*Asks:* 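Encoded as structure tokens, here's the structure I'll be asking about.
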Number of protein chains: 2
Amino acid sequence: MNKRQASQRPTLRTIAQMSGLAVTTVSRALADDPHIAQDTREKVRKLADEVGYAPDRAAQRLRTGKTNVISLILNPHDEILGFGTSIIRGITAALRGTPYHLVVMPDFADSEPMEQVSRIVRNHLADGVIFSRTEPDDARIRYLLEMGFPFISHGRSELATPHPFVDYDNYAFARQATERLIAAGSVRPAILLPPRRFTFANHQLHGFMSAVREHGVAHEILTDITLDSPGEQIEARLLARLGLPGAPDGLVCAGEVSGLAAIAAAVDSGLVPGRDFHIVVKQTSTLFSHVRPRVASIYEDLTEAGEHMGHFILRRIAGEPAEALQFLQVPPDPAETPGDTTTRAPF
Amino acid sequence: MNKRQASQRPTLRTIAQMSGLAVTTVSRALADDPHIAQDTREKVRKLADEVGYAPDRAAQRLRTGKTNVISLILNPHDEILGFGTSIIRGITAALRGTPYHLVVMPDFADSEPMEQVSRIVRNHLADGVIFSRTEPDDARIRYLLEMGFPFISHGRSELATPHPFVDYDNYAFARQATERLIAAGSVRPAILLPPRRFTFANHQLHGFMSAVREHGVAHEILTDITLDSPGEQIEARLLARLGLPGAPDGLVCAGEVSGLAAIAAAVDSGLVPGRDFHIVVKQTSTLFSHVRPRVASIYEDLTEAGEHMGHFILRRIAGEPAEALQFLQVPPDPAETPGDTTTRAPF
DNA sequence: CCCCCAATTTGTAACGTTACAAATACGGTC
DNA sequence: GACCGTATTTGTAACGTTACAAATTGGGGG
């Protein structure tokens with residue numbers, strides 16, 4: 001069915017025959033090689049436009065060994081609330097005007113996280129890879145470092161060898177969030193953590209612990225559920241917990257769906273969010289600006305993170321050392337918006 | 001015996017030299033060609049696994065003209081709430097066990113919708129393409145039909161030539177949603193439509209009009225905003241509208257973020273959702289199960305849609321006619337869950 | 001008028017794979 | 001022992017591109 005298209009597709013040879021030039025000359029003319037006469041370049045370019053020539057990516061790849069592709073491995077947990085959208089927007093912006101294109105590869109839990117990465121390297125599907133959900137001893141990072149394959153992780157590992165990354169300061173986030181809870185009157189704040197295997201789970205835990213210790217309040221680390229748990233499960237678990245003695249009166253919750261679930265659990269327990277039960281969420285989309293009652297939030301700018309990662313991966317491919325390609329995003333300083341309980345996103 | 005090859009990526013030649021077989025034989029052995037002796041096939045396969053051989057996709061593409069890639073063009077509006085995730089999950093499931101891989105190409109509004117599609121065709125980046133946000137006279141569909149390039153659209157066009165699609169019955173959705181509003185006591189239902197250029201905007205409009213006419217109630221079609229408008233804008237517009245005389249007392253709203261915005265506007269107007277103001281949303285994720293007060297919803301199973309699209313695109317590539325590859329998803333029948341105001345998702 | 005240099009252009013080979021035609025080996029038949 | 005058929009393997013070419021080396025021009029200087 002695409003035979004017609006195949007026979008029609010112009011190649012360098014087509015242009016060479018039409019112009020009477022050699023294939024090589026056409027190739028170099030289109031590459032704007034200064035060794036080729038100016039008017040030859042123009043003539044070839046015009047001819048190419050006329051016939052709608054587009055280089056065959058597969059052939060270019062085979063010959064040059066470059067794919068001109070940056071691969072983003074996206075986990076459904078990430079994507080659920082605009083993580084994907086925002087980060088993709090940022091990377092796309094960074095890649096604009098370069099020959100590179102972004103390709104998103106979905107990674108569902110049933111396949112090992114390594115599998116996607118090693119497939120990309122082994123089958124040569126991209127020149128660089130970006131991924132998230134980094135672990136302290138991350139197998140993907142170890143592998144990629146060993147293979148010398150360019151990558152940027154969203155999140156840090158704790159490996160000895162330095163590697164490029166873009167991360168959000170989840171320690172500062174959790175610390176600030178907890179302090180806001182305490183300032184609002186919480187005397188027994190709790191935190192809902194990401195799965196413990198991720199580096200940023202520890203960061204959040206430490207930020208939380210640092211704040212509760214400093215203020216000498218009781219605290220609770222929610223068990224059995226994580227930010228990745230299904231919303232229903234989070235809601236049910238919280239509902240159960242709030243009905244028992246010594247229940248928390250505040251929650252730090254770095255996810256939007258889980259934030260909604262927490263509000264639902266509080267409401268269903270007869271508590272009034274903002275009065276009996278305080279919540280601080282991490283905001284990565286505009287979603288929470290529509291939630292009533294209003295809930296305090298701290299913003300994480302994923303588009304900015306994506307832009308950094310896009311620029312970093314290009315520089316990494318160009319050979320820059322890992323040490324120069326590390327960036328830690330800090331949450332917006334609440335002191336700068338003193339009259340507001342919510343750190344607003346600049347939408 | 002192997003020299004500098006050791007550090008390089010292994011190719012067919014590597015295995016050929018190691019085994020003493022010809023490159024062709026190795027190629028065919030790995031393809032499980034029955035012309036090759038069974039034990040040769042096994043030996044080659046074992047050797048390939050040992051050296052970690054993976055075929056070079058670029059070379060395969062160049063030689064065979066097949067990319068083994070299905071491209072999904074994803075618009076940020078789609079992705080905002082799990083559209084991407086769900087549909088990707090479905091397509092991935094459909095492609096499992098085939099040589100095809102899904103590649104997601106983000107499409108931001110600043111580039112023409114056509115641009116991505118024509119790049120995929122011209123540069124031969126995929127064997128088939130899936131996209132959404134279909135228009136009655138859709139330029140992408142016209143182009144792809146003309147080029148004979150396999151595609152599946154999410155949504156129908158109104159072109160004369162039949163084409164493969166998977167669609168959700170938005171007429172039935174809007175009709176049912178409106179009837180639920182009326183049954184709940186709404187005497188002046190309103191609807192927030194998608195941008196009018198999309199086919200499914202008309203479908204929803206007709207479903208809505210059909211229901212309000214049949215029941216002889218007043219109605220309102222919200223202007224100035226669409227389901228694609230920023231949440232803030234939707235909230236502000238609704239808030240303004242609810243303060244004026246003759247305000248609607250119900251809303252059909254086929255989006256989750258906009259549904260939240262509508263609830264916020266109602267609450268901020270002093271209305272009690274579910275009593276003074278009725279809302280029916282389209283539910284594509286678990287999000288709304290956490291929203292309080294609870295809101296009626298009708299489910300659209302995007303994972304199922306994705307699975308259909310995945311199977312369809314493979315069959316289309318295999319040459320099946322368009323007429324055999326058309327599927328209309330119907331919303332779950334409310335009669336089947338009589339005691340419930342909400343059509344629940346099977347999560 | 002020849003030689004040489006710079007400016008252009010050209011030819012050849014190769015990237016890794018597979019389609020196709022051809023070659024080889026091995027029994028079994030007559 | 002020559003012949004044939006089947007099973008298996010091999011060699012050659014090509015997909016479209018670019019790197020590299022070589023060839024071809026056109027002047028300008030001697």
Side-chain angles (χ1 to χ4, degrees), chain A residues 2-3 5-45 47-48 51-69 99 121-125 127, chain B residues 4-5 7-45 47-48 51-69 99 121-125 127:
Chain A
N2 41 19
K3 183 159 286 180
Q5 150 207 340
S7 59
Q8 265 189 346
R9 222 181 119 78
T11 71
L12 289 180
R13 250 186 88 201
T14 318
I15 301 177
Q17 282 167 346
M18 292 198 315
S19 63
L21 291 163
V23 173
T24 304
T25 312
V26 175
S27 169
R28 298 176 60 184
L30 288 173
D32 232 22
D33 186 325
H35 291 267
I36 302 294
Q38 184 62 41
D39 67 326
T40 304
R41 277 185 261 170
E42 278 161 15
K43 218 160 44 188
V44 168
R45 157 66 40 213
L47 216 46
V51 301
Y53 169 78
D56 185 315
R57 284 303 247 276
Q60 286 184 317
R61 285 186 193 188
L62 179 59
R63 180 60 240 222
T64 63
K66 291 220 59 153
T67 65
N68 280 344
V69 164
V121 174
R122 288 196 334 258
N123 289 28
H124 208 323
L125 301 180
D127 296 336
Chain B
R4 39 204 130 80
Q5 292 274 353
S7 61
Q8 295 289 353
R9 243 169 71 84
T11 70
L12 290 179
R13 247 187 92 202
T14 318
I15 301 177
Q17 283 169 344
M18 292 199 313
S19 63
L21 292 164
V23 172
T24 303
T25 311
V26 176
S27 169
R28 297 176 59 185
L30 288 172
D32 232 23
D33 186 324
H35 291 267
I36 301 295
Q38 184 62 40
D39 67 325
T40 304
R41 279 186 259 170
E42 278 160 16
K43 217 159 47 187
V44 167
R45 159 64 45 211
L47 216 46
V51 300
Y53 169 77
D56 185 317
R57 283 303 247 278
Q60 286 183 317
R61 286 188 193 188
L62 179 58
R63 180 59 239 226
T64 63
K66 291 219 57 148
T67 65
N68 281 343
V69 164
V121 174
R122 288 197 333 260
N123 288 27
H124 208 322
L125 301 180
D127 296 335

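What you see below is based on every heavy atom in this structure, not just the backbone, and it leaves out hydrogens, waters and symmetry mates. In this text, all values refer to a predicted model and were calculated from it rather than measured experimentally. Letters A, B, ... mirror the listed sequences (proteins, then strands); counts begin at 1.
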*Asks:* Who passes salt bridge (charged side-chain N to carboxylate O under 4.0 Å, His left out) against A/D32, sequence neighbours left out?
*Replies:*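 Once residues adjacent in sequence are excluded, the partners of A/D32 under the salt bridge (charged side-chain N to carboxylate O under 4.0 Å, His left out) criterion are A/R41.
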*Asks:* Would you work out how much the helix from C/dC1-D/dG30 to C/dC30-D/dG1 bends between its ends, with each end axis defined by five base pairs, to 10 degrees?
*Replies:*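 End-to-end axis angle: 80°.
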*Asks:* Restricting to side-chain hydrogen bond (donor to acceptor under 3.5 Å, both in side chains), what partner residues turn up for A/E42, sequence neighbours left out?
*Replies:*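 Once residues adjacent in sequence are excluded, the partners of A/E42 under the side-chain hydrogen bond (donor to acceptor under 3.5 Å, both in side chains) criterion are A/Q38.
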*Asks:* Atom CZ of B/R57 to atom C1' of D/dC15: distance rounded to whole Å?
*Replies:*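 Interatomic distance, CZ of B/R57 to C1' of D/dC15: 17 Å.
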*Asks:* Which residues satisfy the salt bridge (charged side-chain N to carboxylate O under 4.0 Å, His left out) test with B/K66, sequence neighbours excluded?
*Replies:*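 In terms of salt bridge (charged side-chain N to carboxylate O under 4.0 Å, His left out), with neighbours along the sequence ignored, B/K66 is linked to B/D127.
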*Asks:* Nearest whole Å is fine: how far is C/dG16 C1' from A/D56 CG?
*Replies:*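 The answer, rounded to whole Å, is 14 Å.
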*Asks:* What residues, two or more places apart in sequence or in another chain, satisfy side-chain contact (heavy atoms from CB on, under 4.5 Å) together with A/A48?
*Replies:*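 A/A48: side-chain contact (heavy atoms from CB on, under 4.5 Å) contacts with A/I15, A/L30, A/R45, A/Y53.
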*Asks:* In the 5'-to-3' direction, what one-character label does each nucleotide of nucleotides 6-13 of chain D receive under the scheme B = base within less than 4.0 Å of a protein heavy atom, S = sugar-phosphate only, - = no such atom?
*Replies:* --BBBBBB
*Asks:* Starting at CG of B/N68 and ending at P of C/dT17, how long is that distance when rounded to a whole Å?
*Replies:*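 Computing the B/N68:CG to C/dT17:P distance gives 14 Å.
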*Asks:* Go through the structure and list residues passing salt bridge (charged side-chain N to carboxylate O under 4.0 Å, His left out) with A/R13, not counting sequence neighbours.
*Replies:*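 With neighbours one apart ignored, the set is empty.
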*Asks:* Could you pull out all residues at least two apart from B/R57 that satisfy salt bridge (charged side-chain N to carboxylate O under 4.0 Å, His left out)?
*Replies:*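 If we apply the salt bridge (charged side-chain N to carboxylate O under 4.0 Å, His left out) test to B/R57, skipping adjacent residues, there are no hits.
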*Asks:* Dump the pairs, protein N or O against N or O of nucleotides 26-28 of chain C, anything under 3.5 Å, distances to one decimal.
*Replies:*
none

*Asks:* What pairs with B/A22 under side-chain contact (heavy atoms from CB on, under 4.5 Å), at least two apart in sequence or on another chain?
*Replies:*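 With neighbours one apart ignored, the set is B/T25.
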*Asks:* Side-chain N or O of B/Q60 versus OP1/OP2 of C/dT18: is the shortest distance under 4.0 Å?
*Replies:*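 Indeed, a polar side-chain atom of B/Q60 lies that close.
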*Asks:* Return the value, rounded to whole Å, for the distance between atom CG of A/L30 and atom P of D/dG16.
*Replies:*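 The answer, rounded to whole Å, is 16 Å.
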*Asks:* Rounded to the Å, how far apart are B/L62 CG and C/dA14 P?
*Replies:*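 B/L62 atom CG is separated from C/dA14 atom P by 16 Å.
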*Asks:* Please pick, from C/dT18, D/dG16, D/dT17, the nucleotide with the shortest atom-to-atom distance to any side-chain atom of A/L12.
*Replies:*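 Minimum distance to the A/L12 side chain belongs to D/dT17.
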*Asks:* Could you list the residues that satisfy side-chain hydrogen bond (donor to acceptor under 3.5 Å, both in side chains) with B/D33, not counting sequence neighbours?
*Replies:*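 Per chain and number, B/D33 pairs via side-chain hydrogen bond (donor to acceptor under 3.5 Å, both in side chains) with B/R28.
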*Asks:* If the condition is side-chain contact (heavy atoms from CB on, under 4.5 Å), which residues does A/T14 pass it with, not counting sequence neighbours?
*Replies:*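 Only A/P10, A/T11 meet the side-chain contact (heavy atoms from CB on, under 4.5 Å) criterion with A/T14.
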*Asks:* Go through it in stages, so that I can follow the logic: the residues are A/V69 and A/R61, the test is side chain to side chain contact (heavy atoms under 4.5 Å, CB included), and I'd like the CA-CA distance, side-chain angles, deciding distance and then a yes or no.
*Replies:* CA-CA 10 Å; A/V69 164; A/R61 285 186 193 188; 3.4 Å; yes
